[in-house]
Number of protein chains: 2
Amino acid sequence: MVSEKTISRLTNYQTLLRLQQAQGRTHLFSHQLADLARVTPAQVRRDLMVIGYTGNPRTGYHVGDLQDSLMQFFAFSTGIPTALVGVGSLGRALLSYFMSGRSNIRILAAFDNDPGKTGRVLSGCRIHPMNRLRETLAETTVSCALVTVPGGEAQKVTDALVGAGVHGIVNFAPVRLKVPPTVFVENLDVTSSIEKAAFFARNYSLKTQEETNHE
Amino acid sequence: MVSEKTISRLTNYQTLLRLQQAQGRTHLFSHQLADLARVTPAQVRRDLMVIGYTGNPRTGYHVGDLQDSLMQFFAFSTGIPTALVGVGSLGRALLSYFMSGRSNIRILAAFDNDPGKTGRVLSGCRIHPMNRLRETLAETTVSCALVTVPGGEAQKVTDALVGAGVHGIVNFAPVRLKVPPTVFVENLDVTSSIEKAAFFARNYSLKTQEETNHE
DNA sequence: TTCACGCTGTGACAAAATTCACAGCTAGGA
DNA sequence: TCCTAGCTGTGAATTTTGTCACAGCGTGAA
Ligand SMILES: NC(=O)c1ccc[n+]([C@@H]2O[C@H](COP(=O)([O-])OP(=O)(O)OC[C@H]3O[C@@H](n4cnc5c(N)ncnc54)[C@H](O)[C@@H]3O)[C@@H](O)[C@H]2O)c1
Ligand SMILES: NC(=O)c1ccc[n+]([C@@H]2O[C@H](COP(=O)([O-])OP(=O)(O)OC[C@H]3O[C@@H](n4cnc5c(N)ncnc54)[C@H](O)[C@@H]3O)[C@@H](O)[C@H]2O)c1
């Protein structure tokens, strides 16, 4: 089984390679990809082992071939089908971003329990009521959903999604969801991330001041 | 030096404790906090070692005292002062969320380079032009900033922030920023997180199907 | 007061993640 | 044709992270 961290880095390499290809580059070495991704060259080589792609000692990695290998490994050549639950301020931002086609992620359906929102179309995506979740998802190949409802509602919504056959959840609510072992949860807790950054910011800030004083 | 992961868990404990206190609980054991945080009891005890708080074998941890210790460790009793750069769809969502006071994070100033947006007040927060960034931040204690500008602009904005004395960056743009070693960057790459969740979702999905077939 | 239960705090251990370091290869130059 | 410089792929070492397991303690019961 391949680790979460490795998967994160591999998706990052994918993004970086797309950019490099757009700039006309056809080959690169592990240390160059490493610089772009802000990791070590050894890390890059180690990561690429898991997808089976093998480079050439003299010319390095072939950008197109490596992209193909990554594509095949991730098996998302046609884009990633997802659903979104909770069309509030965050949900709307995500809709407008991902419906504009700036990435390989496709939001195929949105859901909300507010009758004032359901039935309408936002950024080109129809908003369905919650009681139509199961049947709407049954018509699609969605296996991953974005949860942007208030914390108190997130578990309920998650249970509904799991019941509808979703195996991946990206959770923006500041709660830890309970799911069966066949469901993967990625928590994107903005508040917690800011707290973390603020903590280290203060540390670095103090350290910098100290050093200034010692001079 | 205490690790990033430990800090993340400690902030999570803080959130959970606030909730428990609101429900009137005065004491809890490591295994109870562990259940709430979805970690092991040993992990909780190990984490609490770093903040120096020590519980009682018979009564466990005192919610209020533990909160005080955490507060003191994080030193953010008055809220976390931050700035936001890039008032687009994501920036607006963050403004409306954090200006509503639902957390201990305070956005003291917002910045944008679009003259159509600067000068206005959104969700109670004034939007300043970029050329006023340094002097505006000089008047505050902000040491942590949220970056919600397009990927191509993120590095430029980061450089300006670092120049203005910011030591913590929460980066929502899908690029890896280059910063001096005295600056901490937390990347919140939504696209990458969705890709990760989708990958594991497909794996779990396939595994579930296999097991169903084997019955 | 004494005892026993069930917790905490932590040294020792285990697992996971990363880096080191080097054999082996390969294209370009002599 | 045969070197050679400088890369890749990977076993081994190292570092980081998490868990185990148990001594020691505090409380309530007797
Ligand atoms: N907006 C932000 O920038 C931000 C920042 C950090 C965290 N979050 C988290 O993201 C989540 C959403 O935040 P928001 O600001 O968009 O909230 P919001 O209140 O603006 O939107 C929530 C939406 O969910 C819908 N909803 C509520 N209960 C539902 C249910 N049971 N089923 C389906 N839909 C339901 C509501 O109708 C509403 O449209 C929250 O958990 C919040 O803590 C948001
Ligand atoms: N909106 C989302 O849900 C979402 C999802 C994933 C990632 N992101 C990332 O978040 C970032 C912002 O996304 P968005 O959808 O809000 O974009 P947006 O285009 O709606 O907003 C960007 C804002 O930044 C401002 N800006 C541009 N250049 C600037 C500069 N040099 N200095 C100051 N301000 C500047 C623009 O005026 C605009 O207000 C992007 O990097 C995007 O990739 C957003």
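Each chain gets a letter, A, B and so on, in the order its sequence line appears, and its residues count up from 1. Reckoned from all heavy atoms, side chains included, excluding hydrogens, waters and symmetry mates.
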Practice task
Determine yes or no for a side-chain-to-main-chain donor-acceptor pair under 3.5 angstrom, with A:R176 supplying the side chain and B:A37 the backbone.
Solution key: no
Exercise for the section: Return yes if a side-chain donor-acceptor contact under 3.5 Å exists between B:Y53 and B:D65, otherwise no. Expected result: no
Exercise for the section: Could you state the atom-to-atom distance from CG of B:D35 to C1' of C:dC7 in whole Å? Expected result: 15 Å
Exercise for the section: Any chance you could lay out the side chain to side chain contact (heavy atoms under 4.5 Å, CB included) test for A:I80 and B:E195, step after step, and finish with the verdict? Expected result: CA-CA 8 Å; A:I80 300 174; B:E195 284 169 351; 3.5 Å; yes
Practice task
Calculate the interatomic distance between A:D47 atom CG and C:dT18 atom C1'; express it in whole Å.
Solution key: 10 Å
Exercise for the section: Can you tell me the distance, in whole Å, between the CD atom of B:E4 and the C1' atom of C:dT18? Expected result: 15 Å
Problem - Proximity to DNA chain D (any heavy atom under 4.0 Å), residues of residues 53-63 of chain B only - result: B:N56, B:P57, B:R58
Practice task
Evaluate the criterion side chain to side chain contact (heavy atoms under 4.5 Å, CB included) for residue pair A:L90 and A:V190; output intermediate values, then yes/no.
Solution key: CA-CA 11 Å; A:L90 183 57; A:V190 180; 5.8 Å; no
Exercise for the section: Determine, stepwise, if the pair A:Q155 / A:D159 fulfils side-chain hydrogen bond (donor to acceptor under 3.5 Å, both in side chains). Expected result: CA-CA 6 Å; A:Q155 185 62 56; A:D159 295 344; 2.9 Å; yes
Problem - From B:V147, B:T148, B:L146, residue fulfilling side-chain contact (heavy atoms from CB on, under 4.5 Å) relative to B:N171 - result: B:V147
Problem - Relative orientation of the end axes in the helix from C:dT1-D:dA30 to C:dA30-D:dT1, expressed as an angle to the nearest 10° (five pairs per end) - result: 10°
Completion exercise
A:H27 NE2 to C:dA27 P, in whole Å, measures 10 Å
Completion exercise
B:F29 atom CZ is separated from D:dG26 atom C1', nearest whole Å, by 11 Å
Practice task
Could you tell me the separation between the NZ atom of A:K5 and the C1' atom of D:dG18, rounded to a whole number of Å?
Solution key: 12 Å
Handout entry: Backbone of B:Y204 reached by a side-chain donor or acceptor of A:T182 within 3.5 Å
Key = no
Handout entry: B:Q32 side chain to B:F29 backbone, donor-acceptor under 3.5 Å
Key = yes
Completion exercise
From CG of A:L66 across to P of D:dG9 the rounded distance in Å is 10 Å
Expected rows: protein N/O vs nucleotides 19-21 of chain D N/O, under 3.5 Å:
residue, atom, partner, partner atom, Å
D:dT19, OP2, B:T40, OG1, 2.9
D:dT19, OP2, B:Q43, OE1, 3.4
D:dT19, O4, B:R46, NE, 3.3
D:dT19, O4, B:R46, NH2, 3.0
D:dA21, N6, B:R45, NH2, 3.1

Practice task
Take atom NE2 of B:H31 and atom P of C:dT8, then tell me their distance rounded to the nearest Å.
Solution key: 8 Å
Exercise for the section: Taking the six-membered ring for Trp and the single ring otherwise, decide whether the centroids of B:F76 and A:F199 are under 6.0 Å apart. Expected result: no
Handout entry: B:Q21 versus B:Q67, side-chain donor and acceptor atoms under 3.5 Å
Key = yes
Exercise for the section: Assign A:T6 to base, sugar-phosphate, or nothing according to its heavy-atom contacts below 4.0 angstrom with the strands shown. Expected result: nothing
Practice task
State whether the number of non-hydrogen atoms from other residues, nucleotides or ligands found under 6.0 Å of B:R134 atom CZ is greater than 12.
Solution key: no
